[in-house]
Visitor: 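Before I ask anything, here is the structure I am working with.
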Amino acid sequence: MSVQGFTAPGFEAVADAFARNFERYGEVGAAFAAYRDGEVLVDLWGGVADPGSGRPWRADTLQLVFSGAKGLTAACVLLLVQRGLLDLDAPAARYWPEFAAAGKERITVAEILSHQARLPGVREPFGTAELLDPRHMAGLLAAQAPSDDPRAGFVYHALTWGWLTGELVRRVDGRSVGALFAEEFAGPLGLDVWLGLPDEQHHRVATMLASPGVLETPGRPAETDPVRVLTRNPLMAPDAPALWNSAAFRRAELPAVGAHVTARSMARFYACLARGGELDGVRVLKEDTVELARRELRRGVSPLWGSEMAYGAGYELRTGAALFGPPSQTFGHAGAWGSRHGAWPAERLGFSYAMNLARAELPDRRPLDLLAALHDATRTHR
């Protein structure tokens, strides 16, 4: 498999690690990029974007990164905090009165951002059309009572996080998250990053594939645990890949899981955050606002996963699993089944790994090996 792209002098080992992912782990198509300050350190791509047609991965291939979207949405929320339109410590119902229903009047914006809203799933039945309508789903959550199961206070809100934060953004700003990100971040920074992909861009998207173990097994006995039932994710259903790759899913502005990006642009976005919100003379956030992303709001062990979780204002923080590489100060957001996007503030560096093969294995060595090679090169070539 031929690796294409660029590495700065001293970073050749990252390209070697990228190539080994195809040999060792069955990578199909992928890209990896890293920026330090405004300098491109790594910009690599390779493999096949669409196995059905044989279309190769190109420099401008877009990839669905699932929960990598949360880092983009969190930046939109923080921008509104910076402008005085949202207060992290205020009840969400201050900005969204309907949200106070059914005992949710005290749930704060910060609790929503850090997965403590006790709304990890939607109780009312819904179909695909509703799933792709953020305002409809936000309305269902506004009417729903929070779970009274104590475990629900620190359960990852995989989909509901986006409907909750997206509605807060719309209530105080008037724009959708996709429109706000495009105007306030993607445009000024020159990012090829989309929350809600225009039809004319669909031809650039890699086809998302599922390896064994990613999807629910047909015929598996129904869960009886009420929190597990509530958190069941329709994006893991046996027929989910058809949804992931559909035009309707690409168009939908799903703030939690709907971003289509190039690794190059995601790395540039996180390099901006690593530098305190400024890159190449363009400031999109103030330094103290970016500090909110890194300020720990909650740390603990997931009651369902049994692994450590830590959150700032919408961002995942370093845990023992070192999701975002070796440096002690890291933050960002992973995407389901492999993708990884984040910032190393001490190194003023942003990185992104995007791929089209979803893998169930944990730990996923693909991003970890890349980040280890990147860290080694960074320490010796500052």
Side-chain angles (χ1 to χ4, degrees), residues 64 66-81 83 85-87 90-105 107-113 115 117-147 156-186 193-199 230-235 237 240 243-244 246-260 314:
L64 171 64
F66 292 112
S67 286
K70 290 182 173 73
L72 311 177
T73 299
C76 295
V77 173
L78 289 176
L79 178 64
L80 300 180
V81 170
R83 292 177 175 172
L85 298 175
L86 284 172
D87 181 341
R94 175 185 296 179
Y95 314 103
W96 179 7
E98 298 91 330
F99 186 73
K104 301 191 299 301
E105 64 276 359
I107 295 174
T108 66
V109 175
E111 287 173 328
I112 288 174
L113 286 172
H115 301 265
R118 292 181 291 136
L119 294 165
V122 179
R123 291 196 180 94
E124 286 293 317
F126 58 87
T128 299
E130 291 81 15
L131 172 73
L132 301 182
D133 182 349
R135 293 186 64 178
H136 177 84
M137 300 306 290
L140 295 181
L141 288 168
Q144 180 174 308
S147 173
Y156 184 62
H157 289 42
L159 294 175
T160 58
W161 185 97
W163 297 320
L164 296 169
T165 55
E167 186 64 12
L168 284 171
V169 167
R170 191 184 70 82
R171 291 293 177 122
V172 303
D173 181 83
R175 289 174 287 183
S176 66
V177 170
L180 192 156
F181 189 86
E183 294 169 14
E184 303 282 0
F185 294 93
V193 168
W194 308 83
L195 276 165
L197 189 66
D199 285 3
L230 189 60
T231 57
R232 182 166 293 145
N233 189 336
L235 298 186
L243 175 61
W244 304 342
S246 68
F249 190 90
R250 291 170 180 170
R251 292 186 195 110
E253 295 185 28
L254 298 178
V257 294
H260 291 81

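A quick note: this is a predicted structure, and the numbers were derived from the prediction, not measured. Numbering of residues begins at 1 and proceeds along the displayed sequence.
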Visitor: Can a donor-acceptor pair be found, under 3.5 Å and without considering hydrogens, that links the side chain of His260 to the backbone of Leu195?
Guide: no
Visitor: Taking side chain as C-beta onward, heavy atoms only, is Gln144 less than 4.5 Å from Glu124?
Guide: no
Visitor: Might you point out which heavy atoms bring Asp87 and Tyr95 nearest each other, and give the distance in Å?
Guide: N-OH, 2.9 Å
Visitor: Starting at CH2 of Trp96, measure out to CG of Leu164 and round the result to the nearest 0.5 Å.
Guide: 5.0 Å
Visitor: Rounded to the nearest 0.5 Å, what's the gap from CG on Leu132 to CZ on Arg250? Could you check?
Guide: 13.0 Å
Visitor: To the nearest 0.5 Å, what is the distance between OG1 on Thr165 and CG on Leu80?
Guide: 11.0 Å
Visitor: Tell me the closest heavy-atom pair linking Ala158 and Lys70, and the distance in Å.
Guide: O-NZ, 2.7 Å
Visitor: Is there side-chain contact between Leu159 and Pro234, with at least one heavy-atom pair below 4.5 Å?
Guide: yes
Visitor: To the nearest 0.5 Å, how far apart are NE2 in His136 and CH2 in Trp163?
Guide: 9.5 Å
Visitor: Would a 4.5 Å heavy-atom cut-off, applied to side chains only, mark Arg118 and Lys104 as touching?
Guide: no
Visitor: Find out whether Arg175 and Arg170 are in side-chain contact, i.e. whether some heavy atom of one side chain is under 4.5 Å from a heavy atom of the other.
Guide: no
Visitor: Counting neighbours of CZ on Arg123 that are heavy atoms of other residues, nucleotides or ligands and sit closer than 6.0 Å, is the number greater than 12?
Guide: yes
Visitor: Measuring from atom CZ of Arg94 to atom CG of Leu168, what distance do you get when rounded to the nearest 0.5 angstrom?
Guide: 12.0 Å
Visitor: Before giving the answer on side chain to side chain contact (heavy atoms under 4.5 Å, CB included), spell out for Ile112 and Leu119 the whole-Å C-alpha distance, their side-chain angles and the decisive distance to 0.1 Å.
Guide: CA-CA 9 Å; Ile112 288 174; Leu119 294 165; over 6 Å; no
Visitor: Compare every heavy atom of Val193 with every heavy atom of Ala186, then report the nearest pair and how far apart it is.
Guide: CB-O, 4.2 Å
Visitor: Kindly state whether the ring of Tyr156 and the ring of Trp161 have centres lying under 6.0 angstrom apart.
Guide: no
Visitor: Does the side chain of Phe185 reach to within under 4.5 Å of the side chain of Leu180, using non-hydrogen atoms?
Guide: yes
Visitor: To the nearest 0.5 Å, what is the distance between CZ on Phe249 and OG1 on Thr128?
Guide: 10.5 Å
Visitor: Which atoms form the tightest heavy-atom contact between Pro146 and Ala117, and what is the distance?
Guide: CB-O, 4.1 Å
Visitor: Side-chain contact, heavy-atom cut-off 4.5 Å: Ile107 with Pro91?
Guide: no
Visitor: Can a salt bridge be assigned to the pair Glu184 and Arg83 using a cut-off of 4.0 Å between side-chain N and carboxylate O?
Guide: yes
Visitor: Could you check whether any side-chain heavy atom of Pro134 comes within less than 4.5 Å of a side-chain heavy atom of Leu254, counting everything from C-beta outward?
Guide: yes
Visitor: Considering all heavy atoms of both residues, which atom of Leu235 and which atom of Trp244 are nearest to each other, and what is their separation?
Guide: O-NE1, 3.1 Å
Visitor: Of all the heavy-atom pairs spanning Gly166 and Val177, show the shortest one and how long it is.
Guide: CA-CG2, 3.7 Å
